[in-house]
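Following: one structure in structure tokens, then a few remarks.
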Amino acid sequence: MIGEHVIVGYTTEPGGRDALALGAAITRVTGGELTVATIYPPGSPGLAVEAQANLAHAAEELGATAAEYMAFESRGTGRGLSVLASRIRADLIVVGSASGGPPGRIAIGATSDHLLHRSAEAVMLAPARYVPPEAPARLTLAYVHRPQCDAAVERVAQAALRLGVPLRLITFDLRTEDQGKLRDDLALAVRLAWESTGLEAESEVAEGHAVAAAIEDVEWLPGELLVCAASEDAQPHRVFLGELAMKVLRASTCPVTVLPRGFS
């Protein structure tokens, strides 16, 4: 299950602190390991010292929460987090929203853009100013009838079962497709969740002329976690976010996790 070893990309910016709080909350629920990482560029001794100071600040914020702290040299923060995650065998990279985005939403910066198109590990993004609850309330999978989403149904159903939370499968009707077909596809996904785990998933069609309107058409619980599968264009065992999923991510008011292709 995702969250056995979580790595947080930490900075002292608000997005970094949001990611830290979310990563710690995830490991409290899963019982997994937590690594807090700050990435600094090569050939910058001053920034290396600053990275260590940032980690000391993170340790103060976490208090008694057990974590490992690592400063890592790389030419890019996204690349550095991905390489480090692979080295320490983390299965989830958590980052915050980029500066300048609207409160309660996810803004994509250079770090998250790199991870969302190249990471070998699942990537979770925290909305700006997100305050995680004590435990997740529900897992929601954004569903489209294609192989990557069908595989994700089984994986997310297993995670919901282990966490003891409901599973919801949601598909988006943007008034461009046959709604009957969308509902039929969703019913098959619900059946797949049941056959693979014995879990009876909720299902819902979010309607709107645009993704943001469709997101607002359905209820989102405090403590909701939204999951998206990688695009069919993703390389094996890599994240690659398609156009629809990127719009969903930007409109979401809850944390979003993107699974690599072939995630298991």
Side-chain angles (χ1 to χ4, degrees), residues 2-3 6-30 32 34-39 50-51 53-65 67 69 77-78 81 92-116 119 122-140 142 163 165 168 170 206 210-228 239 241 245-258:
I2 306 172
V6 175
I7 182 170
V8 170
Y10 180 75
T11 69
T12 54
E13 297 295 318
R17 296 195 295 272
D18 293 339
L20 182 66
L22 180 57
I26 294 298
T27 55
R28 281 196 298 270
V29 172
T30 64
L34 176 62
T35 297
V36 181
T38 295
I39 311 300
E50 183 179 322
N54 289 348
L55 293 175
H57 186 270
E60 290 179 4
E61 290 202 24
L62 287 182
T65 300
Y69 299 88
T77 302
L81 286 172
L92 178 64
I93 302 173
V94 180
V95 293
S97 179
S99 300
R105 295 292 192 276
I106 297 170
I108 306 299
T111 297
S112 49
D113 184 66
H114 178 101
L115 293 171
L116 290 171
S119 177
V123 179
M124 178 180 283
L125 294 97
R129 302 182 188 175
Y130 180 75
V131 179
E134 289 297 318
R138 181 170 61 187
L139 298 185
T140 289
L163 293 173
V165 298
R168 178 174 62 164
I170 190 169
V211 169
I215 287 278
E216 293 179 357
D217 183 55
V218 295
E219 180 185 23
W220 298 92
L221 302 176
E224 190 106 37
L225 296 176
L226 177 60
V227 182
C228 296
V239 166
L241 206 59
M246 184 66 79
K247 291 178 180 179
V248 170
L249 186 148
R250 292 179 187 276
S252 177
T253 58
C254 64
V256 178
T257 300
V258 185

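Computed from a prediction, not measured in an experiment: that's the story for all the values here.
- Inter-residue side-chain proximity for Thr11 and Thr38 is flagged as unmet; no heavy-atom pair is nearer than 4.5 Å.
- Between Leu226 and Val248, the closest side-chain pair of non-hydrogen atoms falls below 4.5 Å.
- Around the CZ atom of Arg129, the shell of radius 6.0 Å holds no more than 12 heavy atoms that belong to other residues, nucleotides or ligands.
- Side chain of Thr77 to main chain of Thr111: no donor-acceptor pair is present (N/O by atom type, distance under 3.5 Å, no hydrogens or angles).
- Side chain of Thr30 to backbone of Gly3: a donor-acceptor contact under 3.5 angstrom is found.
- Residues Leu116 and Val123 share a closest heavy-atom pair of CD2-CG1, 4.3 Å.
- Here the side chains of Val29 and Pro136 are in contact, with some heavy-atom distance below 4.5 Å.
- The two residues Gly16 and Tyr10 make their nearest non-hydrogen contact at O-CD1, 3.5 Å.
- Considering every non-hydrogen atom in both Val36 and Ala58, the closest pair reads CG1-CB, 4.0 Å.
- By the 4.5 Å heavy-atom criterion applied to side chains, Val239 and Leu115 are not counted as neighbours.
- Panel note: side chain Ser252, backbone Leu249; no donor-acceptor pair is recorded below 3.5 Å.
- Counting heavy atoms from C-beta on, the side chains of Val218 and Ile170 come closer than 4.5 Å.
- For the atom pair Ile93 CD1 and Thr35 OG1, the distance stands at 11.5 Å (nearest 0.5 Å).
- Looking at Arg105, its side chain never comes within 3.5 Å of a backbone N or O of Thr253 through a donor-acceptor pair.
- Within the 3.5 Å criterion, the main-chain N or O of Leu221 finds a donor-acceptor partner in the side chain of Glu224.
- The line from CG of Asn54 to CD of Glu13 is 9.5 Å long, rounded to the nearest 0.5 Å.
- Across all their heavy atoms, Pro132 and Ala25 have their closest contact at CB-CB, 3.7 Å.
- The CG atom of Leu92 lies 7.0 Å from the CD1 atom of Ile26; values are rounded to the nearest 0.5 Å.
- Under a 3.5 Å cut-off, the side chain of Thr65 and the backbone N or O of Leu62 do form a donor-acceptor pair.
- A distance of 7.0 Å separates OG1 of Thr12 from CD of Glu50, quoted to the nearest 0.5 Å.
- A salt bridge is absent between Glu134 and Arg28: the closest approach of a Lys/Arg side-chain nitrogen to an acidic carboxylate oxygen does not fall below 4.0 angstrom.
- From Arg250, atom CZ reaches atom OG of Ser97 across 10.0 Å, with rounding to the nearest 0.5 Å.
- Cation-pi contact between Arg168 and Trp220: present, with separation from the ring centre below 6.0 Å and deviation from the ring axis of at most 45°.
- Atom SG of residue Cys254 and atom CD1 of residue Ile215 lie 7.5 Å apart, to the nearest 0.5 angstrom.
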